[in-house]
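Encoded as structure tokens, the structure appears first; notes follow it.
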Amino acid sequence: TLNNSSAADELEITENVDSVDENAEEPQGQIATIDLSKDEIVAEMEKLLQEKPYQVKDAVTRLKNAFADIRKKEIEVEKQAFLDKGNEEAAFAVMDDTAEIKMKELLAKYKELRAEQLAAIEAEKQANLEKKNAILDEMRTIIADVDNVNRQYNKFQQLQQDFKAVGDTPAETVTSLWKTYQQLTE
């Protein structure tokens with residue numbers, strides 16, 4: 001059992017060491033399994049939706065996989081019972097499951113929250129890009145005024161600090177921004 005404060009960490013998890021075939025896609029090592037019922041998994045998902053999506057991504061994945069495993073086993077049992085009654089396999093239809101419907105709704109809500117979060121992060125990166133470009137423009141203005149460069153040295157140093165203090169920008173702009181900054185400071 002893990003003991004941390006967030007809902008993601010309150011899951012009852014047991015660690016099993018399994019050796020995995022070298023050609024398999026999963027790495028060898030510890031694989032976390034969740035020992036909860038479908039209804040308990042749904043309840044945990046509801047709790048996780050109260051957290052920030054990026055903080056619970058791994059827990060959501062574990063719950064989703066655990067639920068799918070349970071549901072797959074239930075369907076196999078239903079199918080076997082159906083076939084044991086002498087029915088044709090082609091006539092088998094999976095019965096609706098209220099926990100599965102609820103789980104799908106919760107996963108859709110999580111996906112929506114995650115998309116909103118990613119959009120907010122991207123918007124923040126764009127705003128940071130604009131701030132850094134404005135700082136670089138100010139630095140260019142100071143450099144262009146050759147007669148007053150010494151008088152504005154302190155302002156230039158402050159702009160350097162401001163540039164470094166601004167947060168992340170979109171990945172595709174990082175290199176060009178840094179090169180421009182280096183050129184202006186030299």
(request) Tell me, please, which residues at least two apart from Glu112 pass salt bridge (Lys or Arg N to Asp or Glu O under 4.0 Å). (result) Lys109

(message) Hydrophobic clusters here meaning ILVMFWY residues chained together by side-chain heavy-atom distances under 4.5 Å, can you tell me if Ile101 and Leu106 are in one?
(response) no

(request) Indicate if Leu118 and Val60 have the same hydrophobic cluster label, given that clusters are the connected sets of ILVMFWY residues with side-chain heavy-atom separations under 4.5 angstrom. (result) no

(message) For Leu49 and Val56: C-alpha separation, side-chain torsions, deciding distance, then whether side chain to side chain contact (heavy atoms under 4.5 Å, CB included) applies.
(response) CA-CA 8 Å; Leu49 288 178; Val56 295; over 6 Å; no

Between [atom1] of [X] and [atom2] of [Y], what distance do you get to the nearest 0.5 Å?
X	Y	atom1	atom2	value
Lys64	Ile41	NZ	CD1	13.0 Å
Lys72	Asn65	NZ	CG	11.5 Å
Gln152	Ile143	CD	CD1	11.0 Å

(message) For Lys125 versus Pro170, what's the shortest heavy-atom pair and its separation?
(response) O-CD, 3.4 Å

(message) Please find the pair of heavy atoms, one from Leu107 and one from Met45, that lie closest to each other, and give the distance.
(response) CD2-CE, 3.7 Å

Taking only residues two or more places apart in sequence or in another chain, which ones pass side chain to side chain donor-acceptor pair (under 3.5 Å) with [X]?
X	result
Gln117	Arg114
Asp145	Asn148
Asp162	Gln158
Ser37	Glu40

(request) Identify, with sequence neighbours excluded, every residue that meets ring-ring contact (aromatic ring centres under 6.0 Å, His included) alongside Tyr110. (result) none

(request) Kindly indicate whether the side chain of Phe67, heavy atoms from C-beta on, has any atom under 4.5 Å from the side chain of Leu36. (result) no

(message) Quick check: do Phe92 and Val94 have side-chain heavy atoms less than 4.5 Å from each other?
(response) yes

(message) Before you tell me yes or no, could you show the steps for Thr98 and Lys102 under side chain to side chain contact (heavy atoms under 4.5 Å, CB included), namely the whole-Å CA-CA distance, both residues' side-chain angles and the distance that decides it to 0.1 Å?
(response) CA-CA 6 Å; Thr98 56; Lys102 181 67 174 171; over 6 Å; no

(request) For residues 135-156, pull every pair meeting ring pair (Phe, Tyr, Trp, His ring centres under 6.0 Å), keeping only residues two or more places apart or in separate chains. (result) none

(message) Quick one: does any side-chain atom of Asn128 pair with a main-chain N or O of Val166 as donor and acceptor, under 3.5 Å?
(response) no

Using distance only, find each side-chain donor-acceptor pair of residues 74-85 under 3.5 Å and give its atom names and separation, not counting sequence neighbours.
unit_1: Glu74; atom_1: OE1; unit_2: Lys38; atom_2: NZ; d: 2.8
unit_1: Glu74; atom_1: OE1; unit_2: Arg71; atom_2: NH1; d: 3.1
unit_1: Glu74; atom_1: OE2; unit_2: Lys38; atom_2: NZ; d: 3.2
unit_1: Lys79; atom_1: NZ; unit_2: Glu89; atom_2: OE2; d: 2.7
unit_1: Gln80; atom_1: NE2; unit_2: Asp84; atom_2: OD1; d: 2.9

List, one per line, each side-chain donor-acceptor pair under 3.5 Å for residues 130-139, sequence neighbours excluded.
unit_1: Asn133; atom_1: ND2; unit_2: Leu129; atom_2: O; d: 3.4
unit_1: Asp137; atom_1: OD1; unit_2: Arg140; atom_2: NH1; d: 2.8
unit_1: Glu138; atom_1: OE1; unit_2: Lys155; atom_2: NZ; d: 3.4

Name every donor-acceptor pair, under 3.5 Å, that has one atom in a side chain of residues 174-184 and the other anywhere in the protein, sequence neighbours excluded.
unit_1: Ser176; atom_1: OG; unit_2: Thr173; atom_2: O; d: 3.2
unit_1: Thr180; atom_1: OG1; unit_2: Ser176; atom_2: O; d: 2.9

(request) Could you pull out all residues at least two apart from Lys111 that satisfy side-chain contact (heavy atoms from CB on, under 4.5 Å)? (result) none

